[in-house]
Undergrad: 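Here it is, the structure in full.
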Amino acid sequence: MATTPNTQHMMDAFRRTQADIASLADWIESELEKYADGDEVTWASVGSLEHVRENLIETLAFFSGVARSEIQRGLDELHT
């Protein structure tokens, strides 16, 4: 089966987007490591992390089709 230019463009965009998402996830992990020892934690950093968590839940709900409440329940179960 021959690959059309449109299909090739789509697959290139797909691979690039996948790689970008993986890189962003790694970057987030690096940012989280800054707080590993707990010395630099402030209420401002807690608020920032809570905002990021909410954005990630929203993004995962959009991407996976799983309800936000289900994702939140899964996270809550990790802490009980």
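Just so it is clear, the structure is predicted and the values come from calculations on it, not from any experiment.
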Undergrad: How far does CZ of Arg53 sit from CD1 of Ile71, to the nearest 0.5 angstrom?
TA: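 With rounding to 0.5 Å, CZ (Arg53) is 13.0 Å from CD1 (Ile71).
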Undergrad: Please report the interatomic distance CH2(Trp43) to OG(Ser48), rounded to the nearest 0.5 Å.
TA: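 Separation between the atoms: 13.0 Å.
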Undergrad: Test of understanding: clusters of I, L, V, M, F, W, Y form through side-chain heavy atoms closer than 4.5 Å, transitively. Do Leu56 and Leu49 belong to the same one?
TA: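 Yes, Leu56 and Leu49 fall within the same hydrophobic cluster.
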Undergrad: Without placing hydrogens or testing angles, list every side-chain donor-acceptor pair under 3.5 Å for residues 18-28, not counting sequence neighbours.
TA:
residue : atom : partner : partner atom : Å
Asp20   : OD1  : Arg16   : NE           : 3.0
Asp20   : OD2  : Arg16   : NE           : 2.9
Ser23   : OG   : Ala19   : O            : 3.1

Undergrad: Could you list the donor-acceptor pairs under 3.5 angstrom formed by side chains in residues 60-69, with sequence neighbours left out?
TA:
residue : atom : partner : partner atom : Å
Ser64   : OG   : Leu60   : O            : 2.6
Ser64   : OG   : Val66   : N            : 3.1
Arg68   : NH2  : Glu54   : OE1          : 2.9

Undergrad: Got a donor-acceptor contact below 3.5 angstrom from the Thr59 side chain to the Asn55 backbone?
TA: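 Looks like yes, one N/O pair under 3.5 Å.
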Undergrad: Any chance the side chains of Thr7 and Thr4 put a donor and an acceptor closer than 3.5 Å?
TA: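 Yes, side-chain donor-acceptor contact under 3.5 Å.
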Undergrad: I'd like to know if Ile57 and Val52 are part of one continuous hydrophobic network [Ile/Leu/Val/Met/Phe/Trp/Tyr, side-chain heavy atoms within less than 4.5 Å].
TA: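 Different clusters: Val52 never reaches Ile57 through Ile, Leu, Val, Met, Phe, Trp or Tyr contacts under 4.5 Å.
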